[in-house]
Protein chains: 2
Amino acid sequence: MPTSIVDVAKLAKVSISTVSRVINRSELVNQQTRARVESAITQLGYQPNAFARGLMLRRSDIVGLVLPDLHGEFYSEIIRGANIQARHLGYNLVVSSARDGDDSHSLLRAIQQRALLDGVAVMVSELTDRIAEVLAGFRLPYVVLDGEIDGTPHDSVVIDQRHGAVALMRHLVGPAGAKRIIFVGGLATNVDTIARLDAYRQVLAESGLPQAASDVYHLDYQYETAYRLAREHVRAWASAGCCVFAANDEMAAGIVAAASEAGLNVPRDLAVAGFDDTRVARMTRPPLTTVRVPMAKMGAQAMELLCHRIADPQRPRTQISLQPELVVRESCGTALRRAAGQPAHA
Amino acid sequence: MPTSIVDVAKLAKVSISTVSRVINRSELVNQQTRARVESAITQLGYQPNAFARGLMLRRSDIVGLVLPDLHGEFYSEIIRGANIQARHLGYNLVVSSARDGDDSHSLLRAIQQRALLDGVAVMVSELTDRIAEVLAGFRLPYVVLDGEIDGTPHDSVVIDQRHGAVALMRHLVGPAGAKRIIFVGGLATNVDTIARLDAYRQVLAESGLPQAASDVYHLDYQYETAYRLAREHVRAWASAGCCVFAANDEMAAGIVAAASEAGLNVPRDLAVAGFDDTRVARMTRPPLTTVRVPMAKMGAQAMELLCHRIADPQRPRTQISLQPELVVRESCGTALRRAAGQPAHA
DNA sequence: CAGTTCTTTGACATCGCTTTCAGTCCAGCA
DNA sequence: TGCTGGACTGAAAGCGATGTCAAAGAACTG
């Protein structure tokens, strides 16, 4: 029913080859013929069939971005960065997210079967064997976001979590003068949590601070959960001179809220640090000291890498590492010296 | 290079028709032949070419969801609902968002040109002529989300914004006992803002409260902006016995923060209501009285409608209206009687 | 046993496009 | 006048699937 290239050809009284040439801006078409064809195209409102085109060209100019989930500014920033870069490179971007739970592997499988995409950037939160397995046999060009997956080396762009977390921890033990630090993370299998916890332990070790297994909590990255946890412990933490290092801003915000409600002053009585520098970090009172993760940039870099891979499937795998940045706000005190008993900020 | 149906046919020593039959689970294939073909398929790791398939079938089983932006829980909830429903109906969902600004129209145009999708659900925040124009000439089945676009009637699922806003306003003038209400909205062209402002005016009128043009502010739905605005006015508002109706939770949170910092007690000194019931509503202290918008449901309904449209392009246009729900928390007082000078909550 | 039906299979047209490859036409040149 | 080459154009061969139709053989009927 929709108009095809032959309709255009008939109307313009040329062959389909010529129409095709006009569409693909080939230079070998006479000026007048071209005009005739173009007018026929607009007259019929013709648009090439993408399936037929893709069948010949073996590409769709569409790339995908697969995320474990879409909740949170974190992801939308990645998408934004990726989107802009993808268009810049001549691709259209589509986003898909695994439903609840870990069925990213089935989503990836579906994508691979459909194979209408030229390539895909995938981000996984939990590294399951099934995902690794799917990826290992993947036919489509792909890059991995923020997940160092061992075994097969992938094209990937990762955030140097350790670096950022170490900087934050050093800020805590240094300027903020923590005597003991509580770590509140996500699931123990979560790749981000693993990296941040690692840095936590390293800095504790290097600065001779106590390491107790009971100082490490594994929650779910949610405000509410952290809030409830903190409500129970916050007074104890404060009187023990603790700082809290939450693995994301939302949990940090929950902890700050619990502390405030318990009549504690943040940061004077309890310093709390977050991670990610999402919008909540500025919405919390006091604003959170946190680590800014270059999310938009990560998305953009992923697209760039992906396009290179698409262009040359044989090129060697590349790893890009992005540096996060410590953002000092007020939730851990500004140049606070707790030992001296000074107030947090004037 | 990748294996095609002929490779499978050769290996299994059958014709391509038979392979096709096996793939499409046609019943007319002999048990043994089927087994042979299936083994050939797995042996070669064969996967049908989606372009060729789409070319014949004229469908891809993929539907799209176009959003004006992806920031905010608002959108991710829609996506979640749409995603689940789409899969349920046998479709895969891809999401795309307009970049910054209002180039949804160009995105739509691109989608229409590619036309690899079976249909698309579009949500627009600002109703520009260009978008209406693109939609008017749209070839793909589509539904419109949360935007009553006049002129051509569309399949659409809308939130009955007025209804929710009226309920909230009545709560403000009734139980919360507001004498004067400040409206803080988004841009004056924003469809949501228009509906909410409308309800605001209606309830003011019906309850004989003062309507001053200077009580209406048009911001940008951001926390920061609302915070800055509130910092200037909050004391004046409080002493005038105002309530604030913010058109989304984030702005409401900013206003609450400004009020708290000015030493005001919310809700005793100033009641603040939000809209949307996003996560921030519960993260604010005190938690926000707001209006819950069934976002996930909206996404799901959109998918359902879209699938019906795809199945039957001739069916009459349908309008689905979803009812939002008033959520009373503490930011406007619980059964507060300001006239009696009672404290907000014990 | 001939005729009919059912089951199973393969040949081939088709979808709408891109891309050789082989003209056709005409100008330029010997 | 005949030849060469350049500028355009068209015919036709795929791309990789689906689906139609006919044929081959088995099974069933009278």
Side-chain angles (χ1 to χ4, degrees), chain A residues 1-41 44-62 90 110 112-118 139-140, chain B residues 1-41 44-62 112-118 139-140:
Chain A
M1 194 63 219
T3 61
S4 85
I5 198 171
V6 280
D7 302 317
V8 178
K10 271 183 196 144
L11 183 59
K13 301 197 189 307
V14 294
S15 73
I16 58 167
S17 325
T18 302
V19 178
S20 176
R21 284 188 194 104
V22 170
I23 293 168
N24 297 297
R25 349 205 131 283
S26 159
E27 294 307 317
L28 331 115
V29 176
N30 178 287
Q31 209 37 253
Q32 293 172 21
T33 323
R34 172 183 303 270
R36 236 176 38 247
V37 171
E38 273 166 356
S39 105
I41 288 177
L44 292 168
Y46 166 73
Q47 303 207 311
N49 178 309
F51 291 111
R53 199 156 214 260
L55 181 55
M56 277 304 293
L57 262 32
R58 319 195 137 287
R59 65 186 165 81
S60 62
D61 294 328
I62 301 178
Q112 140 120 296
Q113 274 172 22
R114 290 287 191 309
L116 289 168
L117 305 179
D118 291 348
R139 287 171 158 62
L140 246 49
Chain B
M1 194 61 219
T3 61
S4 84
I5 197 170
V6 280
D7 301 316
V8 177
K10 269 183 198 144
L11 183 59
K13 299 195 189 311
V14 294
S15 73
I16 58 168
S17 322
T18 302
V19 178
S20 176
R21 283 186 195 105
V22 170
I23 294 169
N24 299 296
R25 349 205 127 283
S26 159
E27 294 308 317
L28 331 116
V29 176
N30 178 288
Q31 207 40 252
Q32 292 173 23
T33 323
R34 171 183 303 271
R36 232 173 45 244
V37 172
E38 273 165 355
S39 105
I41 286 176
L44 292 169
Y46 165 74
Q47 303 208 309
N49 178 309
F51 291 112
R53 199 158 215 258
L55 181 55
M56 277 304 293
L57 262 32
R58 321 195 136 283
R59 64 185 165 82
S60 62
D61 295 329
I62 301 178
Q112 140 120 295
Q113 275 171 22
R114 290 288 190 308
L116 289 168
L117 305 178
D118 291 349
R139 287 171 160 61
L140 246 49

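Reminder, nothing fancy here: chain letters follow the sequence lines and each chain counts from 1.
- One can place CD1 of A/Ile5 at 12 Å from P of D/dG10, the figure rounded to the nearest angstrom.
- Distances shown here put every side-chain N or O of B/Arg34 at or beyond 4.0 Å from the OP1 or OP2 atom of C/dT8.
- Among the heavy atoms of the strands lying under 4.0 Å from A/Val14 are primed sugar atoms or P, OP1, OP2 only; no base atom is included.
- Taking atom CG on B/Asp61 and atom P on D/dT18, their separation rounds to 12 Å, with Å as the unit.
- A donor and an acceptor atom, one from each side chain of B/Arg53 and B/Asn24, are located under 3.5 Å apart.
- If B/Ala52 and B/Arg36 are placed on DNA chain C by their nearest nucleotide, the residue sitting closer to the 5' end is B/Arg36.
- In this structure, the nucleotide among C/dG16, C/dT19, D/dG19 sitting nearest to the side chain of B/Arg58 is C/dG16.
- Rounded to an integer number of Å, the gap from CG of B/Leu116 to C1' of C/dG16 is 13 Å.
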- Message: Assess the residue pair B/Leu11 and B/Asp7 against the criterion (side-chain contact (heavy atoms from CB on, under 4.5 Å)); give the C-alpha distance rounded to whole Å, side-chain angles, the decisive distance to 0.1 Å, and a yes or no.
- Response: CA-CA 6 Å; B/Leu11 183 59; B/Asp7 301 316; over 6 Å; no
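- Between the CE atom of B/Met56 and the P atom of D/dG19 there is a distance of 6 Å, given to the nearest Å.
- Counting to the nearest Å, the P atom of D/dA17 and the NZ atom of B/Lys10 are 13 Å from each other.
- Between D/dG10, C/dC17, C/dC15, one nucleotide has an atom nearer to the side chain of B/Leu55 than all others, and that is C/dC15.
- Closest heavy-atom contact between B/Ile23 and B/Tyr46: CD1-CE2, 3.5 Å.
- Among the heavy atoms of the strands lying under 4.0 Å from A/Ile16 is at least one base atom, whether or not backbone atoms are also near.
- Here the side chain of B/Ser15 is nearest to one of D/dT18, C/dG10, D/dG16, namely C/dG10.
- Remark: P of C/dC17 and CD1 of A/Ile41 are 10 Å apart, rounded to the nearest angstrom.
- Per the geometry, CG belonging to B/Asn49 stands 10 Å off P belonging to D/dT18, to the nearest Å.
- Each of B/Pro48 and A/Lys13 has a nearest nucleotide on DNA chain D; the 5'-most of these lies closest to A/Lys13.
- Taking only side-chain nitrogens and oxygens, A/Arg21 never comes nearer than 4.0 Å to OP1 or OP2 of D/dG10.
- Between the side chain of B/Ser60 and the backbone N or O of B/Leu116 there is at least one donor-acceptor pair closer than 3.5 Å.
- If you measure from atom CG of A/Asp7 to atom P of C/dC17, you get 9 Å, rounded to the nearest angstrom.
- Heavy atoms only, all atoms of each residue included: A/Ile5 and A/Ile16 are closest at CD1-O, 3.7 Å.
- A/Ser20 comes within 4.0 angstrom of a base, heavy atoms only.
- A sub-4.0 Å separation between OP1 or OP2 of D/dG10 and a side-chain N or O of A/Thr18 is present.
- Close to C/dT7, at under 4.0 Å from its OP1 or OP2, lies no side-chain N or O of B/Asn30.
- Residue A/Arg53 places at least one side-chain N or O closer than 4.0 Å to OP1 or OP2 of C/dT18.
- A donor-acceptor contact shorter than 3.5 Å links the side chain of A/Arg36 to the backbone of A/Ala12.
- Taking side-chain N and O atoms only, B/Asn24 has a distance below 4.0 Å to OP1 or OP2 of D/dT18.
- Distances were taken from every side-chain heavy atom of A/Ser17 (C-beta onward) to each of D/dG16, D/dG10, C/dG16; the shortest belongs to D/dG10.
- Side-chain atoms of A/Val29 lie closest to D/dT9 of the nucleotides C/dC17, D/dT9, C/dT9.
- When distances are taken from the side chain of A/Ser4 to each of C/dG16, D/dA17, C/dT20, the shortest belongs to C/dG16.
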